[in-house]
Structure formats: C-alpha cells, structure tokens
Protein chains: 2
Amino acid sequence: MSSSIEDLCIEKGLKLTSQRRVILQVIEESDDHPDVDLLYKRASELDQSVSIATVYRTVRVLEEAGILTSHQFGDGRARFEALSEDHHDHLIDVETGEVIEFHNEEIEALQEKIAEALGYELVDHRLELYGRVIKKN
Amino acid sequence: MSSSIEDLCIEKGLKLTSQRRVILQVIEESDDHPDVDLLYKRASELDQSVSIATVYRTVRVLEEAGILTSHQFGDGRARFEALSEDHHDHLIDVETGEVIEFHNEEIEALQEKIAEALGYELVDHRLELYGRVIKKN
DNA sequence: TTTGATATTGACAATCATTCTCAATTAGAT
DNA sequence: ATCTAATTGAGAATGATTGTCAATATCAAA
C-alpha cells in the first residue's frame with residue numbers, strides 16, 4: 001500500500017500529508033516527464049484539495065531530498081521524474097516533444113575524461129539530444 | 001569599421017539602427033557568455049539610449065537569424081554567444097559559474113551514433129558538464 | 001535628395017513560471 | 001490527548017521575458 005517513494009520520504013523525515021501522498025502517487029505512476037501543471041492536473045483528479053502551490057513546494061522538497069530530478073528541455077518550464085539508481089540521458093523528439101531515455105557507458109566515461117583533462121572533477125552533467133524520426137522509405 | 005556581425009545582419013536583411021550597432025559591437029567584444037542584463041549594461045556604457053527591451057528584441061532577432069545562440073545554464077536567465085563555425089560544448093565551474101568551452105570529436109560522433117540507434121536523425125544537442133576544480137596538493 | 005512603406009524603438013503593461021507571505025491546519029513525537 | 005514545528009491554500013510578489021502602441025528611423029525607390 002505505502003509506496004517506495006513514501007518510504008523514502010519517511011527516511012528523510014518529511015511529513016506525509018494527504019496532499020503529499022497524492023502527489024507522490026502521481027509521480028510514481030508517471031513514466032513520462034510531467035511539468036508542474038501536469039502533475040497538478042493529475043493530482044487534482046485524485047484529490048481536489050491539492051493546490052498548485054503545494055505541488056511546487058513538494059516538487060522542490062523532493063528534489064532537495066534527492067527523490068526527484070528536474071530537467072529544463074527547451075521550453076520554459078521544469079519537467080520532473082523520480083530519481084532512480086540507473087542514470088540516463090534524454091533524447092527529445094523535436095516534432096512531438098516526446099522524451100526517450102537512454103544510457104551509454106561510453107559517453108559517460110568520455111565526459112569524465114574530458115572534465116579531468118580540463119582540470120575538473122565532474123559533479124554533474126546534462127546531455128540532451130534533439131532529433132527527428134528517420135523515416136525509411 | 002563595419003564588423004563581420006554587421007555584415008551578417010545586412011545579408012539577413014536586418015536594419016542597422018544605431019542601437020543594434022552598439023549591441024552587435026558588445027556581442028562581438030564579449031568572449032564570456034553574457035546574459036541580457038550584462039549585455040544591456042555594456043551597451044549602455046557605449047550608448048545610453050539603448051533600452052533593455054531592445055536588447056531582448058535584438059538578441060531574439062539575432063538568434064532567429066542564426067547569428068547568436070542562447071544557453072540555459074542552471075540559473076533562470078539565458079546567456080548568449082556569437083555563433084561561430086567551430087562548434088563547442090561547455091563546462092561550467094559550479095563554484096564560480098565560469099564557463100569553459102571545449103570540443104571533442106569523439107563525443108560528437110558518439111551522439112550521432114546513439115541518436116541513429118534510436119531511430120533518430122540528430123538535429124541538435126546540448127552537452128554541459130558541471131565540475132569542480134581538482135586541487136592538487 | 002526627398003519620399004514613403006515598413007521595421008524598429010522606448011516606455012511600460014502584461015505574461016508566465018515560480019517563490020513568498022501569512023494565518024489556519026495538521027502530522028507525528030511525547 | 002497535547003504540543004510544536006512543518007505544511008497548507010490563497011493570493012500577492014518576483015524575475016525573466018514578451019507584447020502594445022505611438023513615435024521615430026532605416027533603406028529602397030523615385
């Protein structure tokens with residue numbers, strides 16, 4: 001019944017309010033990369049008492065707790081996904097806005113190497129590919 | 001006297017107003033990655049009549065003309081640089097905010113390959129490394 | 001050159017995403 | 001059951017950016 005994300009919140013000492021439970025559920029059930037408005041819409045369907053201010057706050061708290069990550073893809077608003085142990089980058093379909101996740105060890109290693117060569121320890125990175133479907137005919 | 005960026009603007013059919021000339025000059029002389037406020041400050045020193053609205057507009061027009069590119073590094077505002085033929089990516093010093101440019105053919109090729117493997121033609125990409133200086137002792 | 005259509009400008013209002021404020025409520029420890 | 005600190009909803013405030021509009025300036029054509 002209690003989701004794994006809820007357990008993480010308890011570990012981090014976050015209070016589990018009814019609003020947070022709903023938002024957590026929505027996040028857990030989303031495998032796209034929703035923005036705040038979409039999270040708000042989905043949460044509102046389950047519980048009308050959730051306000052958009054709370055969605056903004058919850059999303060920030062969860063990110064600070066290392067449970068969520070946010071991305072900035074082109075358009076102005078932040079998009080979110082649960083932080084999983086398996087790191088991945090994103091390919092964004094420029095026609096549809098669809099987001100495809102991928103992971104490539106070779107490119108990960110290469111980034112470390114580049115940073116090191118410049119005298120830096122890599123603490124984070126952002127790699128986004130923007131592409132158009134190849135139509136074969 | 002007329003800068004190469006000015007020539008590009010003429011080619012694109014953009015009118016060369018005195019305000020634009022000043023902004024173009026500022027862009028040409030900046031080798032950091034200034035945001036709109038900084039461009040505005042630098043332009044104002046040369047010509048007090050330049051308004052921030054015009055900086056915003058000019059920057060947009062120049063980007064549409066393929067003369068400028070904008071980046072979104074972590075903080076909210078857009079930062080700009082003249083678009084040169086030699087493509088590069090960015091490493092951002094997380095302590096100081098300093099931006100270091102680099103280019104790596106291997107990683108460029110790898111990105112193409114990854115996109116292709118997912119069925120996409122790569123139209124653009126964004127690679128940002130966030131690092132901390134390695135202090136040797 | 002002067003003219004004229006059209007683009008550009010400054011000032012500031014409007015917008016959009018996000019954060020803040022504050023009084024009222026609630027979770028969870030005791 | 002009680003208490004304290006965290007959380008909430010509503011809406012105001014913020015910060016970056018874009019839109020509006022009347023006044024002005026550019027560049028092409030006469």
Side-chain angles (χ1 to χ4, degrees), chain A residues 2 5-27 33-41 43-44 46-65 67-80 97, chain B residues 2 5-27 33-41 43-44 46-65 67-80 97:
Chain A
S2 111
I5 296 190
E6 281 190 14
D7 293 343
L8 286 171
C9 287
I10 294 166
E11 277 175 38
K12 299 284 182 178
L14 302 176
K15 283 191 184 172
L16 281 178
T17 62
S18 63
Q19 294 89 335
R20 281 194 181 162
R21 277 180 216 275
V22 171
I23 294 168
L24 291 172
Q25 186 189 337
V26 166
I27 289 168
H33 297 70
D35 60 21
V36 166
D37 267 304
L38 194 45
L39 288 174
Y40 172 58
K41 267 188 205 114
S44 295
L46 302 175
D47 178 352
Q48 293 191 301
S49 84
V50 177
S51 76
I52 192 155
T54 295
V55 177
Y56 270 107
R57 275 188 290 241
T58 302
V59 130
R60 185 152 44 126
V61 166
L62 291 177
E63 188 166 16
E64 284 164 3
I67 295 169
L68 256 198
T69 11
S70 67
H71 303 286
Q72 291 280 157
F73 301 140
D75 49 9
R77 57 229 126 90
R79 297 174 63 175
F80 298 88
Chain B
S2 108
I5 296 191
E6 281 190 15
D7 292 343
L8 286 172
C9 288
I10 294 166
E11 276 175 39
K12 299 284 180 178
L14 301 176
K15 282 190 184 171
L16 282 179
T17 63
S18 63
Q19 293 89 336
R20 282 195 179 160
R21 276 180 217 274
V22 171
I23 295 168
L24 292 172
Q25 185 188 338
V26 167
I27 289 168
H33 296 70
D35 59 21
V36 166
D37 268 303
L38 193 47
L39 289 173
Y40 173 58
K41 268 188 204 115
S44 296
L46 302 175
D47 178 351
Q48 293 191 300
S49 83
V50 175
S51 75
I52 192 155
T54 295
V55 177
Y56 270 106
R57 277 189 289 242
T58 303
V59 131
R60 183 151 45 124
V61 166
L62 292 176
E63 188 167 15
E64 283 164 3
I67 294 169
L68 257 197
T69 13
S70 66
H71 304 285
Q72 291 281 157
F73 301 140
D75 50 8
R77 57 231 127 88
R79 298 174 62 175
F80 298 88

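Below, read A as the first sequence line, B as the second, and so on, with proteins coming before strands; counting in each chain starts at 1.
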Can you see whether B:S70 engages B:E63 through a side-chain donor-acceptor pair at a distance of less than 3.5 angstrom? yes
A:I67 pairs by side-chain contact (heavy atoms from CB on, under 4.5 Å) with which of A:L24, A:I27, A:V61, A:L8? A:L8
Report yes if some heavy atom in the side chain of A:V36 is under 4.5 Å from a heavy atom in the side chain of A:R77; otherwise report no. no
What are the two closest non-hydrogen atoms of B:R20 and B:K15, and how far apart are they? NH1-O, 3.0 Å
d(CG, B:D35; P, D:dG15) in whole Å: 14 Å
Considering all heavy atoms of both residues, which atom of A:L62 and which atom of A:C9 are nearest to each other, and what is their separation? CD2-SG, 3.8 Å
Would you call B:E64 and B:R60 a side-chain contact if the rule is heavy atoms closer than 4.5 Å? yes
Base-contact (B) and sugar-phosphate-only (S) positions in nucleotides 3-11 of chain D, heavy-atom cut-off under 4.0 Å, - elsewhere: --BSSBBBB
Taking only side-chain nitrogens and oxygens of B:R60, does any of them come within less than 4.0 Å of OP1 or OP2 of D:dA16? no
Restricting to non-hydrogen atoms, name the atom on A:K12 and the atom on A:A65 that form the minimum distance, rounded to 0.1 Å. CE-O, 3.1 Å
Taking heavy atoms of chain A and a 4.0 Å limit, find me the 5'-most and 3'-most nucleotide of DNA chain C within that range. C:dA17 to C:dG28
Residue of the set B:V59, B:V50, B:I52 for which side-chain contact (heavy atoms from CB on, under 4.5 Å) holds with B:L39: B:V59
